[in-house]
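Protein chains get the first letters and strands the later ones, always in sequence-line order, with residue 1 at the start of each.
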Amino acid sequence: ETGVTQSPTHLIKTRGQQVTLRCSSQSGHNTVSWYQQALGQGPQFIFQYYREEENGRGNFPPRFSGLQFPNYSSELNVNALELDDSALYLCASSLDGGNQPQHFGDGTRLSIL
Amino acid sequence: QKEVEQDPGPLSVPEGAIVSLNCTYSNSAFQYFMWYRQYSRKGPELLMYTYSSGNKEDGRFTAQVDKSSKYISLFIRDSQPSDSATYLCAMLNNNDMRFGAGTRLTVKP
């Protein structure tokens with residue numbers, strides 16, 4: 001069974017730039033959720049995709065957007081990067097959205113200069 | 001008041017000790033409760049997933065949920081140095097999962 005994989009592992013960007021992060025879900029899972037984890041904090045829910053549709057969103061501005069593809073992999077896009085966007089971005093996959101247990105990848109560490 | 005409160009520690013115990021980790025929450029809509037373990041530079045790893053009030057045991061780990069008090073606990077028996085990590089409680093209502101800030105645990109040989 002293949003787990004959740006994320007790419008890249010590290011990324012450095014400057015303010016105002018745009019970034020795309022990628023996630024491959026665990027085999028058999030059709031739901032992907034994205035989280036932002038600041039240093040010393042718990043992950044914060046950004047949004048969830050279920051069968052290629054957004055299925056819930058946390059308190060993040062519209063410059064955070066996403067996609068899910070027919071193979072259930074997903075992208076997180078962030079436009080107009082700000083210094084506060086520096087964080088670990090985690091992807092989690094699960095089955096059929098809702099209340100199923102979520103399994104995480106190791107994340108992408110994004111640094112904004 | 002935060003929706004999920006978790007003592008950040010740090011917590012340091014000798015090898016073999018029983019560890020108790022706790023979280024409280026304010027939103028009674030949460031129906032599912034989880035504990036994750038996160039090693040440095042890694043993603044959270046699911047340890048326990050529970051729904052109802054009561055106890056659930058898995059090896060050296062026991063998860064306890066008290067919905068009436070809005071309080072959940074994780075007990076680790078016979079703690080090992082390999083248990084040294086940050087432990088995150090999490091609560092789920094449909095697709096919205098909320099985490100505590102995490103408790104940093106060190107188990108000393």
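At most 12 heavy atoms of other shown residues, nucleotides or ligands fall within 6.0 angstrom of atom CZ in A/Arg15. Annotation for A/Asn59: atom CG does not count as buried by contact number, only 12 or fewer foreign heavy atoms lying within 6.0 Å.
Without hydrogens or angle criteria, A/Asp106 side chain to B/Lys42 main chain gives no donor-acceptor distance under 3.5 Å.
The hydrophobic clustering, which links ILVMFWY residues whose side-chain heavy atoms are closer than 4.5 Å, places B/Tyr49 and B/Met91 apart. Put simply, A/Ile46 and A/Val19 are part of the same group of oily side chains (I, L, V, M, F, W, Y) that touch within less than 4.5 Å, one to the next. Residues B/Met34 and B/Val19 fall into different hydrophobic clusters, defined by Ile, Leu, Val, Met, Phe, Trp and Tyr side chains chained together at heavy-atom separations under 4.5 Å. Hydrophobic clustering keeps B/Tyr25 apart from A/Phe45 (ILVMFWY residues linked when any side-chain heavy atoms are closer than 4.5 Å, directly or through intermediates). Linking ILVMFWY side-chain heavy atoms closer than 4.5 Å, directly or via other members, places B/Met48 and B/Ile76 in a single hydrophobic cluster.
Taken to the nearest 0.5 Å, the CZ atom of A/Phe47 stands 12.5 Å off from the CG atom of B/Asn95. Atoms CD and NE2, on B/Glu45 and A/His103 in that order, are 10.5 Å from each other to the nearest 0.5 Å. Summarising the geometry, atom CE belonging to B/Met97 is positioned 13.0 Å from atom CD belonging to A/Gln44; distances are rounded to the nearest 0.5 Å.
Note on B/Pro8, B/Pro44, B/Gly102, B/Gly100: by heavy-atom pairs under 4.5 Å with chain A, the leading option is B/Pro44. When A/Pro101, A/Gly42, A/Gly40, A/Gly56 are compared by the number of non-hydrogen pairs under 4.5 Å with chain B, A/Pro101 comes out ahead.
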**Request:** List the steps and the verdict of side chain to side chain contact (heavy atoms under 4.5 Å, CB included) for A/Gln102 and B/Tyr36.
**Result:** CA-CA 10 Å; A/Gln102 297 184 16; B/Tyr36 285 87; 3.8 Å; yes

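Between B/Leu88 and A/Pro43 the shortest side-chain heavy-atom distance falls below 4.5 Å.
Contact annotation for A/Tyr35: only side-chain heavy atoms (C-beta onward) come within less than 4.5 Å of a heavy atom of chain B. Contact of B/Gln38 with chain A is made through the side chain alone, with heavy-atom distances under 4.5 Å. Of the two parts of A/Gln37, only the side chain, counted from C-beta on, holds a non-hydrogen atom closer than 4.5 Å to a non-hydrogen atom of chain B.
Within residues 80-96 of chain A, the residues approaching chain B closer than 4.5 Å by heavy atoms are, in numerical order, A/Leu88, A/Leu90.
Counting only residues at least two apart or on different chains, the side chain to side chain donor-acceptor pair (under 3.5 Å) pairs with a member in residues 98-109 of chain B are B/Glu3-B/Arg98, B/Gln6-B/Thr103, B/Asp96-B/Arg98.
Contact between A/Asn99 and B/Asn93 at its shortest, heavy atoms only, is OD1-C, 3.6 Å.
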